[in-house]
Engineer: 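My questions all concern the structure below.
Each ligand, and each atom within it, is numbered from 1 in the order the structure gives. Numbers here are sequence positions counted from 1. Quick caveat, the model's predicted, so the values are computed rather than measured.
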Amino acid sequence: MERSLSMELVRITEAAAIASAKWMGRGLKNEADDAATTAMRSVFDTIPMRGVVVIGEGEMDEAPMLYIGEELGTGQGPEVDVAVDPLEGTNIVAAGGWNALAVLAIADRGNLLNAPDMYMDKIAVGPESVGKIDINAPVIDNLRAVAKAKNKDIEDVVATIIDRPRHKDIIDQIRAAGARIKLITDGDVAGALNTAFDKTGVDILFGIGGAPEGVIAAVGLKCLGGEIQGKLLPQNEEEAQRCIDMGIDVNKVYMMEDLVKGDDAIFAATGVTDGELLRGVQLKGAFAESHTLVMRAKSGTVRFVEGRHSLKKKPNLVMND
Ligand code: VTB
């Protein structure tokens, strides 16, 4: 895969982030999502690749664009799997909260798990704790392992988890272990990535979120040398059947290589609202500022790209040149 694709992906997540940031705090999550999706889709047409969406906005009959199976790119260049989350954190943008991202990952064709759109139980850590965690182990064992790996007391470890009633048990266990918690309203892709960056102060992610986002987070963590493990959690007979049809084993722990094979993969995320890792889009009148993380698994290169985008030259905020 061409490494020059990295910068192309930045242009895509920047466009999505800027378009959806206009909806911050306006209480309209669908509008924010549509704006991100439309902007992202329009830039894809200019990217030199032969991409197929494996993780997207839904099945063909339910999503007008970026649906699973949709072909993206100019029709020339490398054959890749594409995983998109044009707006990870629609509620976050609607409320003007923290850590909404426009996210995109690509990998060699066939290398991303085609995860069904259902819940996944997850555990994620940064590089120091790789190989030390086990999603099937008690919470306290994982916290102890991370504390040891990072040379901290368990009281110093910070776990992050989405604030939901379904997580009461895990939250109780983290508290009983004496560790600290950063509850997040939404956005466990950011939560997972944050475990790999010291400046975020987050050591480990626990809890149940979307399976597609688990695969996207896995690409990010592969670039960062971190780790995520996941287990599919079908909620009803229909979802259980979908797992069977898709060859998904609900008893299996999906490890890094199951989620994303090999290391020919690129990850890009642009902040929509401010977060620990990335600032959100700043609308300054004449221009917009964006903050993007772009990484390549093969080289392990991690870049932070600051963009300044003229809103006078491109008033519709769709950057396709
Ligand atoms: C959300 C969202 C996450 O999973 O929590 C969602 O914020 C599923 O949880 O980032 P709910 O059904 O309780 O909202 C994610 O989208 C992704 O994993």
Engineer: Determine whether the side chain, the backbone, both or neither of D188 has a heavy atom under 4.0 Å from any heavy atom of ligand 1.
Structural biologist: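 Both backbone and side chain.
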Engineer: Identify which one of L259, I55, V219 satisfies the side-chain contact (heavy atoms from CB on, under 4.5 Å) criterion when paired with L112.
Structural biologist: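 One option only clears the test, and that one is V219.
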Engineer: Going by heavy atoms in the side chains, are S129 and I204 under 4.5 Å from each other?
Structural biologist: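 No, their side chains stay 4.5 Å or more apart.
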Engineer: When you look for heavy atoms under 4.0 Å from ligand 1, do you find them on the side chain of R166, its backbone, both, or neither?
Structural biologist: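 The answer is the side chain of R166.
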Engineer: What's the shortest distance from atom 3 (C) of ligand 1 to any protein heavy atom, and which residue and atom give it?
Structural biologist: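 Of the protein heavy atoms, G187 N, 3.7 Å lies nearest.
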Engineer: Checking side chain to side chain contact (heavy atoms under 4.5 Å, CB included) for the pair W23/N30: CA distance, chi angles, key distance, verdict?
Structural biologist: CA-CA 10 Å; W23 292 94; N30 293 333; over 6 Å; no
Engineer: Who's the nearest protein heavy-atom neighbour of atom 10 (O) of ligand 1, and how far?
Structural biologist: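 The closest one turns out to be E88 OE2, 2.7 Å.
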Engineer: Considering only protein heavy atoms, which is closest to atom 14 (O) of ligand 1, and at what distance to one decimal place?
Structural biologist: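 Among all protein heavy atoms, the one nearest atom 14 (O) of ligand 1 is R164 NH2, 3.1 Å.
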Engineer: Below 4.0 angstrom from a heavy atom of I162, which ligand 1 atoms are there? Numbered from 1 as shown, please.
Structural biologist: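 With I162 as reference, the close atoms of ligand 1 come out as 3 (C), 5 (O).
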Engineer: So, does H167 use its side chain to make a donor-acceptor pair with the main chain of I162 at under 3.5 Å?
Structural biologist: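 Yes, H167 side chain to I162 backbone: donor-acceptor pair under 3.5 Å.
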Engineer: So that I can tick it off, tell me whether R11 and E8 are bridged by a salt bridge, with the cut-off set at under 4.0 angstrom between side-chain N and carboxylate O.
Structural biologist: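 Looking at E8 and R11, the cut-off is met.
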Engineer: Considering only non-hydrogen protein atoms, determine which one is nearest to atom 4 (O) of ligand 1 and report residue, atom name and distance to 0.1 Å.
Structural biologist: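 Going by distance alone, atom 4 (O) of ligand 1 is nearest to G210 N, 3.2 Å.
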Engineer: Considering only heavy atoms, does M118 approach ligand 1 within less than 4.0 Å through its side chain, its backbone, both, or neither?
Structural biologist: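 Under 4.0 Å from ligand 1, M118 contributes no heavy atoms.
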Engineer: In terms of atom number and element, which parts of ligand 1 are under 4.0 angstrom from non-hydrogen atoms of K122?
Structural biologist: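 Within the 4.0 Å cut-off of K122, ligand 1 contributes 18 (O).
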Engineer: I'd like to know if the side chain of R41 reaches the main chain of P64, judged simply by a donor and an acceptor atom lying under 3.5 Å from each other, with no hydrogens or angles considered.
Structural biologist: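 No.
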Engineer: Looking at A159, is its backbone amide N or carbonyl O close enough to the side chain of D203 to form a donor-acceptor pair, meaning the two atoms are under 3.5 Å apart?
Structural biologist: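 It does not hold such a pair.
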Engineer: Numbering the atoms of ligand 1 from 1, which are under 4.0 Å from a heavy atom of G209?
Structural biologist: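 It comes down to these atoms of ligand 1: 4 (O), 18 (O).
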Engineer: Would K261 count as a cation-pi partner of Y254, with NZ or CZ less than 6.0 Å from the six-membered ring centre and within 45° of the ring normal?
Structural biologist: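 Because its charged atom misses either the 6.0 Å distance or the 45° angle limit, K261 does not stack over Y254.
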Engineer: Of the protein's non-hydrogen atoms, which lies at the shortest distance from atom 2 (C) of ligand 1, and what is that distance?
Structural biologist: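 Going by distance alone, atom 2 (C) of ligand 1 is nearest to D186 OD1, 3.6 Å.
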Engineer: Do E14 and R308 pass the salt bridge (Lys or Arg N to Asp or Glu O under 4.0 Å) test, and can you show the C-alpha distance, the side-chain angles, and the key distance before you say yes or no?
Structural biologist: CA-CA 10 Å; E14 284 176 344; R308 176 183 277 227; over 6 Å; no
Engineer: Do me a favour and list the nearest non-hydrogen protein atom to atom 16 (O) of ligand 1 with residue, atom name and distance?
Structural biologist: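 The closest heavy atom on the protein side is E213 OE2, 3.3 Å.
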Engineer: Atom 12 (O) of ligand 1: which protein heavy atom is closest, and how many Å away?
Structural biologist: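 Result: Y119 OH, 2.5 Å.
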